[in-house]
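Remarks on the structure that follows.
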Protein chains: 2
Amino acid sequence: MQPALRDPNPPLTRSVEDYLKAIYHLSSQGGFAATSDIAAMLDVAPPSVSGMVKRLSETGLIEHVPYRGVQLTSQGRRAALRMIRRHRVLELYLTQHLGYDWGNVHAEAERLEHAVSDDLIERMANALGQPQYDPHGDPIPTAAGDIEEAELVALGEAPIGTKLELRQVGTQDPARLHYFAEQGLTPGVLLTVSERQPFNGPTTIALVPSGDPRVVGRELAQLLWCRALGT
Amino acid sequence: MQPALRDPNPPLTRSVEDYLKAIYHLSSQGGFAATSDIAAMLDVAPPSVSGMVKRLSETGLIEHVPYRGVQLTSQGRRAALRMIRRHRVLELYLTQHLGYDWGNVHAEAERLEHAVSDDLIERMANALGQPQYDPHGDPIPTAAGDIEEAELVALGEAPIGTKLELRQVGTQDPARLHYFAEQGLTPGVLLTVSERQPFNGPTTIALVPSGDPRVVGRELAQLLWCRALGT
DNA sequence: CGTAGGTGTTAGTCTATACTAATTCGAGGA
DNA sequence: TCCTCGAATTAGTATAGACTAACACCTACG
Ligand SMILES: [Mn+2]
Ligand SMILES: [Mn+2]
Ligand SMILES: [Mn+2]
Ligand SMILES: [Mn+2]
């Protein structure tokens, strides 16, 4: 008997899947993902990233330019989008069918995404009516690997007087998410930008149609991604 | 800064959790679990078991009598029952809420059991109405770690003429489970034992109340665990 | 235009878990 | 009683993935 050759297509490990997701998010604005940013996102030491980067580029999932950073290959992007679909379908299922609130789903989905089968994800997606967005407003890639690319502006950058629809909340921090929910700042909400204090000051908005005002500090305003609806 | 002491209570790994479950099942009839039986159940080589046995006994989860086998400590049994609760709640949730059939749930639950939180399991159990049995009729341990111990007899051993309630189906093999379902042999079914051929021959039964006959070969009859209901 | 400081990589180690090959144990038959 | 053979263990190796310490590279500032 031959000395068993290596499986040419081993299933991805949990670690590999998380690295691919991190690289996807860090390079989604078109550039390279830096070693230190990956390390920070995954809470590992930079040399651990260098080691993984070597393995991933040997298997063709990423391309590595030494001292510059990494990018996903098309194979790597496909794998990353599959994980993101899993994560977001899980988050939505947990909130819609099991009573989770949007501040707590992330941690649960972060583990489950590696354990579910494709079949289970598609069953959940069907139970949810093939949803397009997760509880935080992030687009859910299709099973084929397509993802919506929206042109959004952070609330903290939106010009005074514009009317906006809140579309995505860019944090997974439970405390911030709970606060946003309390303030009624959830995806789908309409608002107009009333004013902004100088020197990175807060943005004041009015909810539509109630007119209720909200004052949103700079840090949080950078997390609220909105679609412009005109003046 | 001190050279970081070892975490005295590290979370159990996936492997450890599966070993504990296997040892629980193999020693549930009161004896020791043998190295080779554990190896066969987990599909690993015997030396892998010896290695894991050493680690598990060092951490106090099992007791090892060399060349005899292993038993769970009370701490090990607690951990094993926790996993069994997870597994069985997951199996039932997948069948009841996501349309899985009882032949396919096992593989899915085998992976998910290691990834879910206690919170998620309790939410699923609540959605199911705190169920007592999984799709195969196996008792679900309580969150506190209690499990029902039923006195059951294999259909292949039941005396002619007795009336029985089918309670547990002792296999996870999808093909066998599909066949049982086709034959209407699922937990809760009532039946009487009509006759049995000698030399490990098949058992013939009549379903109650329909009276429909079924001929069940020795191998399958040993998988159907029943509660005696009298003559 | 040359270097200092930060970023990235290499070197070396550790743990968990698996494997094969070699060895040892022990219980049942001669 | 003793031997044999299957079961169990030990010895040695491999892989994934993490870490720290040490070194290399790049660039922006002086
Ligand atoms: Mn994850
Ligand atoms: Mn989300
Ligand atoms: Mn398992
Ligand atoms: Mn079951």
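We use all heavy atoms of the structure for the numbers below, so side chains are in, but hydrogens, waters and symmetry mates are not. Order of the sequence lines sets the chain letters (A, B, ...), proteins ahead of strands, with each chain counted from 1. What you see is a predicted model; the values in this text were computed from it and never measured.
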With 3.5 Å as the limit, what N/O pairs link the protein to nucleotides 18-23 of chain C?
{"from": "C:dA18", "atom 1": "OP1", "to": "B:S15", "atom 2": "OG", "distance (Å)": "3.3"}
{"from": "C:dA18", "atom 1": "OP2", "to": "B:Y19", "atom 2": "OH", "distance (Å)": "3.1"}
{"from": "C:dC19", "atom 1": "OP2", "to": "B:A45", "atom 2": "N", "distance (Å)": "2.8"}
{"from": "C:dC19", "atom 1": "OP2", "to": "B:S48", "atom 2": "OG", "distance (Å)": "2.4"}

Polar pairs (N or O, both sides) under 3.5 Å between protein and nucleotides 25-28 of chain C?
{"from": "C:dC25", "atom 1": "O4'", "to": "B:Y67", "atom 2": "OH", "distance (Å)": "3.4"}

Whole angstroms only, please: what is the [atom1]-[atom2] distance between [X] and [N]?
X     : N      : atom1 : atom2 : value
A:K54 : D:dA16 : NZ    : C1'   : 14 Å
B:L42 : C:dA16 : CG    : P     : 18 Å
A:H64 : D:dC25 : NE2   : C1'   : 12 Å
A:E17 : D:dA16 : CD    : P     : 15 Å
B:E58 : C:dT17 : CD    : P     : 12 Å
B:R14 : D:dA16 : CZ    : C1'   : 15 Å
B:D37 : D:dG6  : CG    : P     : 16 Å
B:I38 : C:dT17 : CD1   : C1'   : 15 Å

Given that B:G69 and A:V16 both sit by DNA chain D, which one's nearest nucleotide is further toward the 5' end? B:G69
Electrostatic pair B:R167-B:E151, nearest N-O below 4.0 angstrom: no
A:R86/A:E110 salt bridge by N-O under 4.0 Å criterion: no
Which class fits the ring pair A:W102 and A:H136: parallel under 30°, tilted 30 to 60°, perpendicular over 60°? parallel
Among C:dT7, C:dT9, D:dT9, which nucleotide has an atom closest to any side-chain atom of A:S36? C:dT7
Base, sugar-phosphate, or nothing: which does B:S50 touch, judged by heavy atoms less than 4.0 Å apart? base
Under 6.0 Å from the CD atom of B:E63, do we count more than 12 heavy atoms belonging to anything else shown? no
Around atom CZ of A:R68, are there more than 12 heavy atoms from other residues, nucleotides or ligands closer than 6.0 Å? no
Would you find a donor on one side and an acceptor on the other, under 3.5 Å apart, between the side chain of [X] and the backbone of [Y]?
X      : Y      : answer
A:E108 : A:E91  : no
A:R196 : A:I160 : no
B:H87  : B:M83  : no

For a 4.5 angstrom cut-off between non-hydrogen side-chain atoms, does B:R111 reach A:S117? yes
